[in-house]
Each structure stands twice: as structure tokens, then as C-alpha cells.
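These numbers come from the heavy atoms of this one structure, side chains and all, not from hydrogens, waters or symmetry mates. Numbered from 1 within each chain, the chains take letters A, B, ... in sequence-line order.
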Amino acid sequence: MSSALPSSTAEPQLRPKLTVAAGTTARAALEAAGTDLNGPSGVVVVRDSADQLRDLDVPFEATDEVEPVAIDSPDGLSVLRHSAAHVMAQAVQDLFPDTLLGIGPPIENGFYYDFLPKRPFTPEDLGAIEKKMTEIIKASQRFSRRRISDDEARAELEAEKFKLELIGLKGQPGNTTPTELNAEEASQVGGGVLTMYDNLNRDGELVWTDLCRGPHLPTTRRIPAFKLMRTAAAYWRGDQKNEQLQRIYGTAWPTKDALKAYLVQLEEAAKRDHRKLGAELDLFSFPEELGSGLAVFHPKGGVLRKEMEDYSRRRHEESGYEFVNTPHISKQTLFETSGHLPYYADGMFPPMEFEGSNYYLKAMNCPMHNLIFRSRGRSYRELPLRLFEFGSVYRYEKSGVVHGLTRVRGMTQDDSHIYCSKAQMAGELKNLLDFVIDLLRDYGLDDFYLELSTRDDSPKFIGEPAEWAEATEALRQAALDSGLDLVPDPGGAAYYGPKISVQARDAIGRTWQMSTIQVDFQQPKRFGLEYTGADGERHQPVMIHRALFGSVERFIGVLTEHYAGAFPAWLAPVQVIAIPVSDDQVDYLYDVAKALKERRIRVEVDSGSDRMQKKIRTAQQAKVPFMLIAGSQDAENGAVSFRYRDGEQRNGVPVEQAVQEIADFVASRKNSSPSVADFG
RNA sequence: GCCGCCUUAGCUCAGUCGGCAGAGCGUCUCACUCGUAAUGAGAAGGUCUAGGGUUCGAUUCCCUAAGGCGGCUCCA
């Protein structure tokens, strides 16, 4: 999953190309054309005919056609953020002179820089660094590019051991895609020629310098708005065997308003946090006594969960799945047979020794489903055989990775294993993908893209290359047929086969990995799964693993954030709250509630001693879709008043009609909040 | 697992420069009986996460553990 927020960047404007004559600068050409270089959409770099971004103030060796790049375009934002990273590094080395530099690339919505300081940074340090950065920005330092040979760079950066390492790893001249470096590292040294960026103050004095491919803003003054967000630790070059550096994250924007909008967006996202809403709405908790990553669902969360599962069961039933059940623990031999143990023992809870055997909590359901397949002879007439289970699995997630409901140690997968013939595989995958997308849509997610995870040369992948190729092709075809965007993920496959994962964007644009569909030739082999074909011969089935929600827990977390806790009426733990204007209407409302309960509506009467206004407020905060309010007039007329989540109301609705409307709305499984417009 | 920060009432948080702890919300009780987002008054509620150390004395300082948060690595 990625919970990164979308950048709120406007679409880049297409600007007319300009000619930069040999020996002159892009700035000269832009100024001659009267281009804005300072505003919120001002041009900060140009793109040359070789598709390289170039500084405004570095003279061109040859005449070229360039495309102006504005600060608020995706490339412009990267330049802004990378430049902000340099300013931060200068501020840090200024305040903490013995600090060594790692790398400082732009990232989505901001930038970071890794440091090796004498001591870790504190929150107070961040304030001081921000202040120093503001001084540097106000000083309007120029970013000045300077070519340098490898040897010169080594001499100049003698004290910076990490930079020296990058120089050693960079590609040779002409090799623009150094294989040893990832994209973020390459942004420091590029492929061929090394360059330094010198920060020069107004008097042209050198105040700071960094090894960098560039390009940069013309001056630090062009950083209109930034904020340091947090400190964190990060391993050098992303490898946990390496030294751990201190990373500082920041964000930078073309205007103060854009920064503010981004911060507001973060606040909105924080309000949706399922861990916070889960407690506020009394859905679930993580009792310390149970241990990390183990959730309990309270009655309200239990209802939500039951509704989700019930609907899923119904759809699976309609789609030809058969329901099975398997235990939570198994003898070690099962996971030896499946081949999981050598790969995933670290991810499983340690075994319990009992009656001379080691028992493991299951971390996956597939081996047990295989046993069901194998329990008797199978005919081709039974295929595809689709076994489904809400199966609870336990995984020993490392302590630092447990996170709310999205990364837990005990979870329930909506797990299914489909056994089919090779000939059926392509069609089954296509149907499966349609089924997955269709079901996710019913829960209100409707913006998807797919990721196709394939093998690379790593030895961790097992099985015949021909089988991999066939399965990968079948998955790719199913993905293409779906019409959704397909993102390749080379090397991301499971060791036993390729997979498609469905990524869903939620209401505020964050993406979550939801469903996975994996093809597996290994386990049928290992378990000796067979069926008798029409030809009377024995054949090995193809096995497809799939989970739609991923896990029920995780899906509840995602939906909670997607709906910000205001669940669709059909899922809402409490669908109706009945509120009397005074105590005199309590009995009347219990009668209304009885009528609703007969229609299987989840209704509560708030008979407490609060005033009506307070009860409305409470129900509103509980994000209940329907409030039914009754005073003496309503009671006399056999009517109720509706109040919806949006605060709109409809008065004097006859009880029978109100019950029908609510029952119909819930049955419709509409995912939008009910409002006056739904009942015109 | 690694780095940093955090843990005080059911929740959100004050506070004690080391001398037996406080607010708001919530809960309970009483009064009020009210027409679309907080009626008023009162009460209960805490081994200050746990264990060890320093000290005449520890919620406060130190160590360890557990749990949480932010990242990194990982995510079958």
C-alpha cells in the first residue's frame, strides 16, 4: 500500500519552445521572450532537445531548441524540492558542522536529505534548521554549476565518505543509466560527467557546495514556501546492513497557499485515520494484553464486519465458489510439503512442540485447501474447483511494521484457491478479475489500476521459465481485457508464480493495494494434485490464489478511511437513531423502532436524559445515516421527521413511509449518504 | 529487527525544577421535558505502562521491558 497523498499540482501548461543560441543562456532567451521567471508559474529550468533539464544561467555550448519548465509543473516542482533539499543540507552543516551528507532527492510532495550527524536530530533542531533555511533563502544565494573530474571530486569531497562511495559507483561517461544506483542516488551523480553545485552569496562568495547532477533553481530566493515535516532514520542506500542515517523530510511548494493547502490535506487525512476513527466510533481496539497487531472487534465493528462478510459470501455463492473450513494450526510437515517453511519460517510464529510434533499457527490457507482437493480423486468435470474460506492466519510481522488494521499479526483473509486445467486458466483469470473489480465497486471503491508482478533473474523464483511465461501472459491478457491501467512490477512476484494486484484509490486519492491474484504451478506439484481428464489420463491442475479484501481487517481499515467513518447505510453499524423531542415520545419511538427492526434495520432509540439537541449532536458524531425525530405533533400524526448526515431534514413523514424508505435505501446498497434528494 | 520520540482517569491532555496529581469530554445521580450540533448541579473514577536502580522520599532522574507514533528494512 502507498498512503502518499496526490500532489495538488495543476496540469503543466504547454509553453512555446524557444531557441537558445550557442554561448548564451536560457535566461537570456526567456527574458527576450518576456517569459515570467518569478511568479507562481514562473519558469525555473528548461528542457533541451535531448530531453535534459538545464539551468537557466549555464551558457549553452551549441544552439538548441528548449522548452520552458515552470515551477508548478511536475519537473519544476522536483527542481524546487531538490533545491530546497540543498538549502536544508547547507543549514544543517552550518548548525552542526561535523555532519556528513548522504543523499537529498525530491520525492512526492517534498524532499528529504540523509545525514550522519554527531547525535540524532531533535524536534527542536528542526525549528532551528527551518530558521536557518529561511535565512539562506532570503540571502538569495545563486546555485552555480561547475564541472569536475572524478579525481577532483574525490579530493574536494575527501571528508564526505558517502559522496565518495557514490562517485565510485557512478556510471562511466556515456552510460546514463548507472545500474549500481537507484533513481534517487543517480540524481546526485548522474551518469557521466560529475558536477558540483556551488551556493554563492550576493557577493559571489562560495558559501556551500554539494555534489549534484542538478539542475537547480536560479537562486534560493525561488523557494517560496517550505516546511520541515519530521526526522526519521534510514539505512544508507536502503540496505539494513549499512549504517543508519538520520533523514529529515520536508515539503516545498510554489506558493504559500499551495503549502497551506497541502497541510490542510494532511490534516484531513489524519482525521480519516482508521486507528483514530476506530476508537471514536467504538469499532475495534488493540488491547495491550493481547499483544501488538492483534485486534478485537467491538459490537459496532462486529456488525460492520458481518455485513461485509455476508455480502461477500453471497457474491461468492452466486459465482460458483464452494465454502470450506480449515483449522488454525497444523503440524510442521504440511508447511514442509507446501514449501513455505524454508522461505517463510521467519514470518511465522514459532512452533509449539506437542506430542512429538511441531505445530505451527498457519500463515496461509493454501496448503489446507490443497488437502481438501486431494482428499479424493478429482474429475475434469469438477473444474474449475473454487474453494473459499474466511481463513484466519497469523504472521509474525516485525515489531516496527505493525500498523493499525492494515498491518497486523492476526488476520482473516477472504481467501480462495481455484483449481483449473491449463486450458481454463486464461478464461478463469479474466472472469476472476471482472469479479474482483465488480465486488470492490459494490463496496464503493471505483478507481483502480493494476500491477503485474513478474519474475526477474533472482534465484528466489522457482519453476519452469515456460510455465512462468505462460502464466504471466495469461495474467497480462486478463489485465489488458479489463481496460484498467497496468503498471509493470518486474521482480515483484511471489517465489512460486506471477501475480496481478488491484490497487484502489480512495476518496482522497491515496492508493491501497487490495486484491491479489496469483498463479501457482508449484504447490500442485508439491502436493501431487491431480485430476482425471476426459482422456482418462491424470493431469496436474493449475492453482490460482486470490484474496479480494486482502484481509477483512485491512479492508475495514481502508473503507473506514475511504468513507471517513461515515459508512454507507447498508454497512453502518447503527443505521437509524430515533430521537424524542421530549420523554413523552419515547414509547412512540420504540414502536417505530419495532417496525424498523421487523425490516432488519439496525435502529436505536436514544432514551437518555440529554436534551434533543445534544442527542442530535451525538448521533451526528456517530455518523449515523438516518436520524428519526419525533415530537408531540409527530406522535399525534403518526409521523416522524428525518434528519440526514448533511443536516437536511424532512418533516412529517408518515411512519409507514419512513420505514419503507429506509428499508429500500439500505436494500439498494447505495454507497452515498442518504439525503433529501434521494427521497424527492 | 533498526533509529528517534512517546506512555498521567474510559478518551484528549495539563502538571509535579524529586515531597502522597488536575481539567475538559465521557460515565453515574438529581433537577429540567425542551422541535434539528453541547441544559444545569453534584458524584464516582488514577499503584502517573511494568520491573529494577539512585534517593530520607520517585509519577518526575537512570536502566530494562512492553505498548504506541514517525520513518527505514520487510510485507509469502
Roughly how many Å apart are B/A50 and B/C75, using the C1' atom of each and rounding to a whole number? 31 Å

Aromatic ring pairing A/Tyr644/A/Phe679, orientation class (parallel under 30°, perpendicular over 60°, tilted between): parallel

Within the structure shown, what part of the strands sits under 4.0 Å from A/Glu280 by heavy-atom distance: base, sugar-phosphate, or nothing? nothing

Separation of atom OH in A/Tyr235 from atom P in B/C3, rounded to whole Å: 8 Å

Classify A/Gln244 by what it touches in the nucleic acid, base, sugar-phosphate, or nothing, heavy-atom distance under 4.0 Å. base

Using whole Å, report how far CG of A/Asp125 lies from P of B/C5. 11 Å

If pairing means Watson-Crick or G-U wobble with both distances under 3.5 Å, then the partner of B/C69 is B/G4

Name the pairing partner of B/C13, where a pair is Watson-Crick or G-U wobble with both distances under 3.5 Å, or state none. B/G22

Measure distances between side-chain N and O atoms of A/Lys398 and base N and O atoms of B/U73, and say whether any donor-acceptor pair falls under 3.5 Å. yes

Regarding A/Met364, tell me which of base, sugar-phosphate or nothing describes its non-hydrogen contacts under 4.0 Å with the strands shown. base

Within 45° cone of A/Tyr112 ring axis and under 6.0 Å: A/Arg247 NZ or CZ: yes

Measuring centre to centre across the rings, with the benzene-like ring taken for any Trp, is A/Phe349 within less than 6.0 Å of A/Tyr396? yes

For A/Ile517 and B/A76, give me the distance from atom CD1 to atom P, rounded to whole Å. 16 Å

So A/Gly647, base contact, sugar-phosphate only, or nothing? Heavy-atom distance under 4.0 Å. nothing

Pairing check on B/G35: which nucleotide meets the Watson-Crick or G-U wobble criteria with it, both distances under 3.5 Å? none

Is any side-chain N of the basic residue among A/Arg237 and A/Glu243 closer than 4.0 Å to the acidic one's carboxylate O? no

Does A/Asp634 contact B/G35 through a side-chain donor or acceptor facing the base, at a distance under 3.5 Å? yes

Among the candidates B/C34, B/G1, B/A38, find the nucleotide nearest to the side-chain atoms of A/Gln240. B/G1

Does A/His403 put a side-chain nitrogen or oxygen below 4.0 Å from OP1 or OP2 of B/C75? no

Neighbour count >12 (heavy atoms, 6.0 Å) for atom CG, A/Asp457: no

Does A/Ser292 make a side-chain donor-acceptor contact with the base of B/G68, cut-off 3.5 Å? no

I'd like to know if A/Ser609 reaches the base of B/U33 with its side chain, counting only an N/O donor and acceptor under 3.5 Å. no

What contact category does A/Asp239 fall into here, base, sugar-phosphate, or nothing, at under 4.0 angstrom with non-hydrogen atoms? nothing

Any N/O donor-acceptor pair, A/Arg395 side-chain to B/C74 base, under 3.5 Å: no

Determine: side-chain N/O of A/Arg643 to OP1/OP2 of B/G35, distance under 4.0 Å, yes or no. no

Whole angstroms only, please: what is the CD-C1' distance between A/Gln246 and B/U73? 15 Å

Report which part of the nucleic acid A/Ser632 touches: base, sugar-phosphate, or nothing (heavy-atom distance under 4.0 Å, all strands). base

Between B/U64 and B/C17, how far apart are the P atoms? Round to whole Å, please. 26 Å

State whether A/Arg230 places a side-chain N or O below 4.0 Å from either non-bridging phosphate oxygen (OP1 or OP2) of B/G70. no

To the nearest angstrom, the CD-C1' distance between A/Gln621 and B/C11 comes to 13 Å

Strictly under 6.0 Å, is that where the ring centroids of A/His417 and A/Phe388 end up? no

Short side-chain N/O contact from A/Arg275 to OP1 or OP2 of B/G70, under 4.0 Å: yes

What interatomic distance, in whole Å, is found between C1' of B/U7 and the corresponding atom of B/C48? 10 Å

Ranking A/Ser641 and A/Ser582 by the position along RNA chain B of their nearest nucleotide, the one closer to 5' is A/Ser582

With hydrogens left out and only the distance checked, is there a donor-acceptor pair under 3.5 Å joining A/Tyr112's side chain and the base of B/G71? no

For B/U29 versus B/C34, give the span between their P atoms, rounded off to a whole number of Å. 22 Å

Can you see whether A/Phe111 has A/Arg81 sitting over its ring - NZ or CZ less than 6.0 Å from the centre and within 45° of the normal? no

Answer with yes or no whether A/Asp584 presents, from its side chain, a donor or acceptor under 3.5 Å of a partner atom in the base of B/U33. no

Mutual orientation of the aromatic rings belonging to A/Phe284 and A/Phe286 [parallel < 30°, tilted 30-60°, perpendicular > 60°]: perpendicular

With a 4.0 Å cut-off on heavy atoms, is A/Thr122 in touch with a base, just the backbone sugar-phosphate, or nothing at all? nothing

Could you tell me how far B/U47 sits from B/A38 if I compare only their C1' atoms? Round to whole Å. 35 Å

Rounded to whole Å, please give me the gap between CZ in A/Arg617 and P in B/C25. 10 Å

Mind calculating the distance between CH2 (A/Trp236) and C1' (B/C2) to the nearest angstrom? 18 Å

From the list B/G35, B/G68, B/U36, which nucleotide is the closest neighbour of the side chain of A/Ile616? B/U36

Using atom P in both nucleotides, what's the gap between B/U59 and B/G19 to the nearest angstrom? 11 Å

Parallel, tilted or perpendicular, judged at 30° and 60°: which one describes the rings of A/Phe115 and A/Phe121? perpendicular

I want to check one thing: is the phosphate of B/G1, taken as OP1 and OP2, less than 4.0 Å away from some side-chain N or O of A/Ser399? yes

A/Arg407 bridged to A/Glu553 by N-O distance under 4.0 Å: no

Short side-chain N/O contact to B/G1 OP1/OP2 from A/Lys241, under 4.0 Å: no

Taking only the C1' atom of each, what is the distance from B/U8 to B/C13 in whole angstrom? 9 Å

Using a heavy-atom cut-off of 4.0 Å across all strands, would you classify A/Tyr496 as base, sugar-phosphate, or nothing? sugar-phosphate

Go ahead and name the base partner of B/G57; Watson-Crick or wobble counts if both distances stay under 3.5 Å, otherwise write none. none

On a whole-Å scale, what distance lies between the P atoms belonging to B/A66 and B/C30? 47 Å

Looking at B/U36, B/U73, B/G68, which one has an atom nearest to any side-chain atom of A/Val401? B/U73

Quick one: A/Asp610 CG to B/C34 P, roughly how many Å, whole number? 16 Å

When all nucleic acid strands are considered with a 4.0 Å heavy-atom cut-off, which category describes A/Ala234: base, sugar-phosphate, or nothing? sugar-phosphate

Could you pick out which residue, A/Gln518 or A/Gly238, lies toward the 5' side of RNA chain B when each is mapped onto its nearest nucleotide? A/Gly238

If you take atom types as modelled and just measure distance, does the side chain of A/Glu397 reach the base of B/C75 with a donor-acceptor pair under 3.5 Å? no

Hunt down the Watson-Crick or G-U wobble partner of B/G42, both distances under 3.5 Å, from any strand shown, or write none. B/C28

Check every strand shown and say whether A/Phe286 touches a base, only sugar-phosphate, or nothing at a heavy-atom separation below 4.0 Å. nothing

